[in-house]
Amino acid sequence: MSWSNPWFIAALVSVIGVFHLEFIATLLNLGRLGRAIPEALAEVFSEETRAKLADYIRESTRISFTQDIAALGLVVVFWWSGGFGWLQSWAENQGHGPVVTGVFVIAIIMLAQTWLSLPFEAWDTFGVEARYGFNKTTPATFIQDHIKGLTLMAILGLPVAAVLVWFFETQALAALYAWVFIAGFSILMTWLSPRVIMPLFLKFQPLEEGALREAIFALARKLDFPVQEVSIVDGSRRSTKANAFFAGFGKTRRIALYDTLIQSHSQEEIVAILAHEIGHNKCRHVPVMMALHLAEMGIMLALLGWVLKSPDFFAAFGVRGTPVGMGLILFGLVYKPFGVLTGLLGLAMSRKHEFEADAFAAKAVGSHEPLTEGLKRLSRDHLAHPQPHPLTVWLHYSHPPLIERLAALTKISL
Ligand SMILES: [Zn+2]
């Protein structure tokens, strides 16, 4: 570890720089809570709702900020006290080959990360979310979810880590192989997720016969969007927050609605929200995002391949040699600023897609009224920030702020 090693400086600037960027965005965003509300939003957020959402956002922010400081502190202390070097030698002393040792190191660090964030998650769920009436999760469900998550990580994550470590330990074209492998794995997960993974956490039940089901099928027929099944999922077992999503591809596609969405929205609003989701599909947003994601992955893996060959990079973290498993973890620390940059691009694209899907939905149902009402209700019920700061929007918002969506909706010619 030395100040003359450029990797040491780069990692330090990366970790501390991104932390400060987030800190500034958080402060600016909180500052905006006190702003006078524009007329377009005055009827959405009553004075009472505004007071409540300001408190809610402040408390949620306090948790994530405390977590960020704790994480930064732990990383720097572990790093500067030689923790990475010590962990690597300890893993090597277990006497396994480089692949098993690498996976072992990755697993230990991931497990530590998960457990260290667990108290914050519990504080958020049972402290803040519960106080504002969102949380429905019991401690038993919370623990079960955690165990299921860890088991999935072990079953899916460890083999993936093993393949990646093996590529970078043995193959000259490792970055290319890893890229093809990750692309294949992402497609497999899109297929597997609604069939195997989501049912572990949510219960799917067919939507019963009735006006809503007929309206949904009528919409799907009108838009020439084949749907095999409409399901209800028991989101209410965990949170009162509402949602809707699609699962699967092509002819086996099913629509899933959270029971909480059905409880809190009118039939017209639900149909408009689904028309928005169908809009994403019709406008080819999924393949575009997938391509963007793969392009980012390609750049990241090329950088990774280059970094893993540099003993200086490892020396910056007090690690001897060029062990790949440890390298994958350490790379995450220097990659942060690039992650922010590619994130900006992906989020900007996603927000553009939201406007397009909104326009599609308004045209599909022949009015912007139901979607407008649906969006207002979602924002109000979720206690969303009425006027988020642009920096926060750039860094984190996959959806445009409500006021922009409402304004864009009124401008659509039907
Ligand atoms: Zn959308």
Side-chain angles (χ1 to χ4, degrees), residues 41 44 186 190 193-194 198 202 215-216 219-220 222-227 230-233 235 239 241-249 253-262 264-293 343-386 388 392-412 414:
L41 295 181
V44 185
S186 309
T190 322
S193 166
M198 282 193 223
L202 295 164
I216 291 171
L219 175 81
K222 182 177 151 197
L223 299 176
D224 192 24
F225 183 81
V227 170
V230 182
S231 311
I232 302 288
V233 292
S239 167
K241 290 182 176 175
N243 207 347
F245 58 88
F246 284 99
F249 316 98
R253 191 155 38 201
R254 60 182 180 187
I255 292 175
L257 300 170
Y258 272 54
D259 50 0
T260 41
L261 186 77
I262 295 181
S264 55
H265 291 255
S266 74
Q267 184 178 311
E268 285 72 30
E269 289 169 18
I270 295 172
V271 169
I273 290 169
L274 280 177
H276 168 101
E277 296 300 330
I278 293 175
H280 279 309
N281 209 287
K282 289 277 176 183
C283 303
R284 307 233 153 267
H285 292 159
V286 181
V288 170
M289 288 311 273
M290 185 78 122
L292 198 69
H293 174 68
L344 289 179
L345 186 67
L347 291 170
M349 182 69 85
S350 167
R351 291 194 301 272
K352 179 174 164 281
H353 287 169
E354 291 305 322
F355 285 125
E356 290 170 9
D358 282 351
F360 179 92
K363 285 181 187 146
V365 301
S367 159
H368 57 70
E369 204 63 32
L371 189 59
T372 299
E373 287 310 310
L375 291 176
K376 284 179 181 172
R377 198 186 305 276
L378 278 173
S379 284
R380 189 169 42 222
D381 291 353
H382 289 200
L383 297 176
H385 196 315
T392 300
V393 174
W394 290 331
L395 287 173
H396 298 293
Y397 273 48
S398 60
H399 289 59
L402 178 66
I403 192 163
E404 290 178 23
R405 289 179 84 175
L406 297 183
L409 271 168
T410 56
K411 286 193 201 111
I412 291 159
L414 298 165

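Ligands are counted one by one from 1 in listed order, and the atoms in each one are counted from 1 as well. Throughout, numbering of the chain's residues begins at 1 and tracks the sequence.
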- prompt: Near the Zn ion (ligand 1), is there an N/O/S atom from Glu354 that is less than 2.8 Å away?
  reply: yes
- prompt: Run the side chain to side chain donor-acceptor pair (under 3.5 Å) check on Glu354 and His280 step by step: do they pass?
  reply: CA-CA 8 Å; Glu354 291 305 322; His280 279 309; 3.1 Å; yes
field: Metal check, the Zn ion (ligand 1) vs His353 N/O/S, cut-off below 2.8 Å
entry: no
- prompt: Quick one: do Glu373 and Arg377 make a salt bridge, cutoff under 4.0 Å?
  reply: no
message: Quick check on the Zn ion (ligand 1): does His280 put an N/O/S atom closer than 2.8 Å to it?
response: yes
message: Under a 3.5 Å distance rule, please check whether Ser193 uses its side chain to pair with a backbone N or O of Thr190 as donor and acceptor.
response: no
Other residues, nucleotides, ligands: >12 heavy atoms within 6.0 Å of Lys282 NZ: yes
